[in-house]
2 protein chains.
Amino acid sequence: MAQSETGRRGSYAKGVAKREEILARALDVIAREGYRGASVKELADAVGLSQAGLLHYFDSKEELFTEILRKRDELDSIGQGLSGDIEHGLTADDDIDLAAVRAGYLGVVRHNADVPGLVHLFARLSVDAADPEHPAHDYFVQRGTGLRHFIATAIAAGQASGDIDDRIDPDVLARLFQAVADGMQLQWMLEPDVDMTTAVGALFELITPRPAGDASRG
Amino acid sequence: MAQSETGRRGSYAKGVAKREEILARALDVIAREGYRGASVKELADAVGLSQAGLLHYFDSKEELFTEILRKRDELDSIGQGLSGDIEHGLTADDDIDLAAVRAGYLGVVRHNADVPGLVHLFARLSVDAADPEHPAHDYFVQRGTGLRHFIATAIAAGQASGDIDDRIDPDVLARLFQAVADGMQLQWMLEPDVDMTTAVGALFELITPRPAGDASRG
DNA sequence: GTCTATAACGGGATAGAC
DNA sequence: GTCTATCCCGTTATAGAC
């Protein structure tokens, strides 16, 4: 248990910076070269450190990977600066609408196509983190909660304004959205030709009472 | 590469039987005690063989696990005897309706709650199998295709009879269903309290034009 | 702070006895 | 057909030099 926190002492500043640099680099490497049960060694090579050198900054492999995920979320989340919000509960509930959710989702899908390794890592960890003992368990729980809150808020707003079918509870619908996102991701990993956009677009269409809903809000 | 096929010679009969017994036993153990990156050794112990003894029947660890999954599918698939159909393309397309899909799904959900280890193994492998080189890759592709075909057929029928919203292409909807099933499974693994049924019920509700659709067909 | 070297372990696979 | 024994590999983690 070394410096798991973000620099509580002045002299840690350098170390923290290096940590960040390592994470950024690792993210980059995994994104491009893929994650095939990546070992600390592999990552160390990519980062330009020895295995021991890398573990100097992270207490264990699992902590390292959890940090990588967290960093990824920090960099590109649903919108642009959503990630902070996801973790702390959203700040400005009002200017969230389904168009934003949709746009954000499309952006993520587009981006993910460029970083298959990260997607793989993410999927892998989300399964492993099912174990309550796993270091990333809480991370995934919180991430899911925040994400659903974000979506549910948008849905509730849409229902209030009559744009969205109000038969379904917003929280339930949010779960549905999350499930579809994760599930389609899985299908895409298995068969990269599938178009995640179509399925999600269908879901959007299903929740709109009107027949033709191309974009924008009513 | 030993006897990967099902008994091509008479004298293999015993071996095949033993294989089956091993798989059944392994399934049972994983179901109850969970799958935590299970090793061949662990499984061998559970089955009452040595590691080498077990590998006498399976060429590699990965083949073993793929076989386990296949066996699971054989035993409990969506309906009762669906699995064979899934693999070979459905036989009787006519008597499939959404009620059957729904009932089948509910059955699986209920059953899965009793075998968390299997669910975990399945999820783990479906991620790993994204790699085209993975021995279970084709299995998952085929399984998905069959499953979606099954669902799409039911949907198409429902649309024809006016029970289902016909805005969405059946194949796309089928993907959506699969995604929801997989995605909810993931959420459930992370937080066992979530009720998979509710979300899927919501999806069913979304695709029915009518407000109150409790069960049965129109 | 970073390296080399190595410990300590566990994995899957294989050889060979029975 | 099954076991024991062993091999060889890769893993994480640590000790200690620089």
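Values in this document were obtained by computation on a predicted structure and should not be read as measured data. Letters A, B, ... are given to chains in the order of the sequence lines, protein chains preceding strands, and every chain is numbered from 1.
Atom CG in A/Leu54 sits about 14 Å away from atom P in D/dT11, given to the nearest Å. Atom C1' of nucleotide D/dC3 and atom NZ of B/Lys41 are separated by 13 Å, given to the nearest angstrom. One atom, NZ of A/Lys18, and another, P of C/dC3, lie 8 Å apart when rounded to the nearest Å. A straight line from NE2 of B/His56 to C1' of D/dT4 spans 16 Å, rounded to a whole angstrom. Straight-line distance from the CD atom of A/Glu63 to the P atom of D/dT12: 14 Å, rounded to whole Å.
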Q. In B/S/- notation, 5' to 3', how is nucleotides 13-18 of chain C contacted by protein heavy atoms closer than 4.0 Å?
A. BB----

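Remark: A/Asp131 engages B/Arg36 in a salt bridge (Lys or Arg N to Asp or Glu O under 4.0 Å) (not counting sequence neighbours). Applying the salt bridge (Lys or Arg N to Asp or Glu O under 4.0 Å) rule to B/Asp45 yields the partners B/Lys41; only residues at least two apart in sequence or on another chain are considered. For B/Pro170, the side chain to side chain contact (heavy atoms under 4.5 Å, CB included) partners two or more places apart in sequence, or in a different chain, are B/Ala152, B/Ile155, B/Ala156, B/Gln159. With sequence neighbours excluded, no residue forms a salt bridge (Lys or Arg N to Asp or Glu O under 4.0 Å) with B/Asp169.
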Side chains of residues 173-186 of chain B: which donor-acceptor partners sit under 3.5 Å, not counting sequence neighbours?
{"residue": "B/Arg175", "atom": "NH1", "partner": "A/Gln187", "partner atom": "OE1", "Å": "2.5"}
{"residue": "B/Gln178", "atom": "OE1", "partner": "A/Gln187", "partner atom": "NE2", "Å": "3.3"}
{"residue": "B/Gln178", "atom": "OE1", "partner": "B/Arg148", "partner atom": "NH1", "Å": "2.7"}

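Contact between the side-chain N/O atoms of A/Ser39 and the OP1/OP2 oxygens of D/dG10 is not found at any separation under 4.0 Å.
By the 4.5 Å heavy-atom criterion applied to side chains, A/Arg70 and A/Asp73 are not counted as neighbours.
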